[in-house]
Each structure stands twice: as C-alpha cells, then as structure tokens.
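Counting starts at 1 for both ligands and their atoms, in listed order. In this text the structure is predicted, and so the values were computed from the model without any measurement. Throughout, numbering of the chain's residues begins at 1 and tracks the sequence.
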Amino acid sequence: MNEANPGVVKAVIPAAGLGTRFLPATKATPKEMLPVVDKPAIQYVVEEAVAAGLDDVLLVTGRNKRALEDHFDRNYELEHALSRKGDDQRLSMVRESADLATVHYVRQGDPRGLGHAVLSAAAHVGDEPFAVLLGDDLIDPRDPLLARMVEVQKALGGSVVALMEVPAAQIHLYGCAAVETTADDDVVLITGLVEKPAPGEAPSSYAVIGRYVLDPAVFDVLRRTAPGRGGEIQLTDALEELALDPSLGGPVHGVVFRGRRYDTGDRGDYLRAIVRLACEREDLGPDFRAWLRDWVRDEL
Ligand code: UTP
C-alpha cells in the first residue's frame with residue numbers, strides 16, 4: 001500500500017456525446033438516459049461509482065443536459081402525487097436517484113471527443129487520481145471492476161485502464177493495448193495503445209473498455225493532444241503518451257475484466273442488456289423468461 005497516495009474519491013462520467021448510433025432516439029434525449037429495463041443507463045453507472053466508494057460524481061453533459069440533471073434531482077410534484085396515493089415503493093424509487101451521490105455538472109460545449117470531455121473535468125478534479133466511467137458502458141454489478149482498479153491504482157500508482165479480451169474481428173472497434181504480464185494474473189503493464197486499429201495491426205486482443213482510474217498528469221497531456229482519429233481529441237492518445245513516458249504520471253496498468261459488460265450506445269448490445277437483465281430480475285424475470293422461451297421456440 002502506498003501511504004503517500006490519497007486514493008480515489010471522485011468519479012467523472014462523460015455523457016456529452018452525440019449518440020449518433022442511436023438516432024433518432026437520441027435527437028432530444030442523451031443516450032445515457034435510455035432505459036435499461038426501468039432505469040436509465042446512467043443510473044447503473046452512478047450506482048457502480050458509489051458502490052466502489054466514489055460518491056463525488058461529476059457528470060460531463062452536453063446540449064441535452066436537462067434530463068440528466070432532473071433525473072438526479074428531487075421531483076416534488078411526483079413525490080407528492082405518489083405519497084398522496086400511498087405508493088411508498090415507487091416513492092422511494094423516485095427519491096433514490098436524487099439521494100445516491102453528490103452529483104456535480106460541467107458542460108463540455110462542443111463534443112470534441114472523449115479526451116476533451118475528460119479535460120473539462122480538470123478544475124473539479126484538481127490534483128488527485130480520479131475515476132472515469134463512460135455513461136453508456138454498463139458493468140454488471142455482480143462482477144465488480146472499479147473497486148479492483150482503485151485498489152491496483154493505490155498499490156502501483158500511475159493510471160489504470162480496464163481491458164477486456166475480444167475476438168480479433170472486433171478489435172478495430174476499440175482502443176487496443178500492447179501489454180506485458182505482471183505477477184498478478186489480472187494486471188498487465190501497458191506499453192502502448194492504439195485507437196481502433198486496422199485489422200492485422202492490433203498489438204493484442206486486449207480492448208480498452210469504459211473504466212479508467214487516471215493520474216491527474218493526464219490533464220496536461222490532454223491540453224496538448226491534437227485531434228486524432230475521427231477529428232476527435234482521443235483519451236487513448238493521451239494514455240499512450242503516459243504509457244510511453246512514465247516520468248509524466250507514473251506507469252499505466254491494465255486490469256483484465258472477465259465479467260459481464262454491455263455497451264448501451266450500441267443497439268445490439270443495448271437489446272442484449274435489456275433481455276438479460278430483465279430475465280434475471282426477481283419481479284419481471286419469471287413471466288418474461290417464460291414468454292421468451294415460448295417465443296423463441298414458436299417464432300424463431
Ligand atoms: P462514444 O464514442 O460512444 O459516444 O463515447 P458518441 O460519440 O456519443 O457515440 P456515437 O458513436 O455518436 O453513437 C463514449 C462516451 O463518451 C461520451 C459519450 O457520451 C459516451 O458516454 N462523450 C463522447 C462525451 O462526453 N463527449 C464527447 O465529445 C464524446
């Protein structure tokens with residue numbers, strides 16, 4: 001344990017992207033507000049941050065920030081109506097999202113990429129290591145990842161990135177890491193990073209997924225990071241600079257995640273997330289599973 005390391009207390013959740021893969025649903029609604037069963041995706045992500053001990057949450061929002069702000073605020077009219085009806089169960093559900101964490105907001109302005117979204121958190125974060133959780137990336141709460149990343153950061157310093165092994169045919173959809181093994185089975189040292197490599201140019205099958213614990217040195221690097229792939233300021237490019245020169249902000253390690261994860265910004269994965277989580281719910285699952293079984297048997 002590194003006693004000089006104050007540990008991670010703040011979480012930054014970028015939610016200012018345009019969500020073009022999900023149009024027209026995302027024309028007036030952030031994709032992070034799309035429901036996964038009966039909760040918006042972003043609430044699962046805030047719950048995950050809180051479960052890992054990070055209850056200071058900064059949401060990076062864009063043009064449709066209103067729905068996000070309202071979701072994490074009180075709704076007195078609704079609470080009053082539910083309390084008049086004596087519907088205590090729904091009342092506590094409505095209050096829950098407002099009481100989850102201390103939620104702050106910063107506006108990204110132009111969505112110039114994930115790196116740019118993270119840079120807009122600099123003033124709030126200050127000079128401490130912090131977590132970044134992508135607002136459209138769901139990690140199943142039964143497969144905790146962030147707490148392990150925080151632990152690894154505390155022990156090894158520097159920055160920690162979540163990695164997942166993906167089939168070779170899919171690696172061009174992700175940032176990809178060149179790695180060296182360490183004494184820990186689930187921890188690797190990252191020696192290079194490339195954003196969405198062309199087929200055949202990927203240094204490994206390790207894809208970067210939407211969880212990071214970052215040294216604040218990343219802000220200085222982002223300030224001088226030029227737009228990269230797609231004309232966007234890429235977080236991957238800044239992380240590659242950190243990985244190549246550990247004198248900037250310590251080493252960059254990867255924690256290899258082997259659990260369940262859903263990219264709710266992708267329509268196929270979004271549908272899979274809903275079906276899977278609905279099947280597993282105690283209240284909805286039994287009926288839904290029975291219907292699904294019949295439907296698959298009779299119609300597919
Ligand atoms: P994505 O690349 O998945 O978001 O970014 P996007 O650009 O909205 O998606 P498509 O490709 O157009 O459908 C991952 C996360 O980073 C946030 C997004 O909101 C998402 O949570 N993001 C991305 C920002 O906050 N700002 C940006 O400029 C870009």
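- Heavy atoms of G113 come nearer than 4.0 angstrom to ligand 1 in at least one pair.
- Of all atoms in ligand 1, listed by their number and element, those nearer than 4.0 Å to a heavy atom of L134 are 14 (C).
- Side-chain contact, S120 with Q108: no donor N or O sits under 3.5 Å from an acceptor N or O.
- Of all the atoms in ligand 1, the ones that sit under 4.0 Å from a non-hydrogen atom of T20 are 10 (P), 11 (O), 12 (O), 13 (O).
- Looking only at atom types and distance, the side chain of S247 has a donor-acceptor partner in the side chain of D245 under 3.5 Å away.
- Counting heavy atoms from C-beta outward, V160 and L214 have side chains that stay 4.5 Å or more apart.
- In terms of polar-atom proximity, L114 is not counted as a contact of ligand 1, lacking any N or O under 3.5 Å from an N or O of the ligand.
- Backbone and side-chain nitrogen or oxygen atoms of P14 are examined, and one is located within less than 3.5 angstrom of a nitrogen or oxygen of ligand 1.
- A salt bridge is absent between R148 and D143: the closest approach of a Lys/Arg side-chain nitrogen to an acidic carboxylate oxygen does not fall below 4.0 angstrom.
- For atom 6 (P) of ligand 1, a protein non-hydrogen atom is found at a distance below 4.0 Å.
- With respect to the salt-bridge test (charged N to carboxylate O, under 4.0 angstrom), the residues E96 and K39 do not qualify.
- When only non-hydrogen protein atoms are considered, atom 26 (N) of ligand 1 lies nearest to Q108 OE1, 2.7 Å.
- With ligand atoms numbered from 1 in the order given, ligand 1 contributes 21 (O) to contacts under 4.0 Å with heavy atoms of G135.
- Look at D56 and K10 and you find no salt bridge, because none of the NZ, NE, NH1 or NH2 atoms lies under 4.0 Å from a carboxylate O.
- Between R224 and D220 no salt bridge is recorded (no basic side-chain N to carboxylate O distance below 4.0 Å).
- Checked against a 6.0 Å centroid threshold, the rings of Y44 and Y262 do not count as neighbours.
- At a 3.5 angstrom cut-off on N or O pairs, A16 counts as close to ligand 1.
- Closest protein heavy atom to atom 8 (O) of ligand 1: G19 N, 2.7 Å.
- Ligand 1 places these atoms under 4.0 Å from at least one heavy atom of D136: 3 (O), 20 (C), 21 (O).
- Near R112, the atoms of ligand 1 lying under 4.0 angstrom from a non-hydrogen atom of the residue are 28 (O).
- Taking only non-hydrogen atoms, the option from Q234, E32, R21 nearest to atom 20 (C) of ligand 1 is E32.
- Which parts of ligand 1 touch A117 is read off a 4.0 Å heavy-atom cut-off, strictly below it: atoms 24 (C), 25 (O), 26 (N).
- Here F22 and Y270 bring their ring centres to under 6.0 angstrom of each other.
- Of all protein heavy atoms, the one closest to atom 9 (O) of ligand 1 is K31 NZ, 3.1 Å.
- Between V218 and S159, every side-chain heavy-atom pair lies at or beyond the 4.5 Å cut-off.
- The nearest protein atom to atom 22 (N) of ligand 1, hydrogens excluded, is given as G17 N, 3.5 Å; this is a heavy-atom distance.
- Within a 6.0 Å radius of CZ in R112, other residues, nucleotides and ligands contribute 12 heavy atoms or fewer.
- For ligand 1 and P111, the ligand atoms under 4.0 Å from any heavy atom of the residue are 28 (O).
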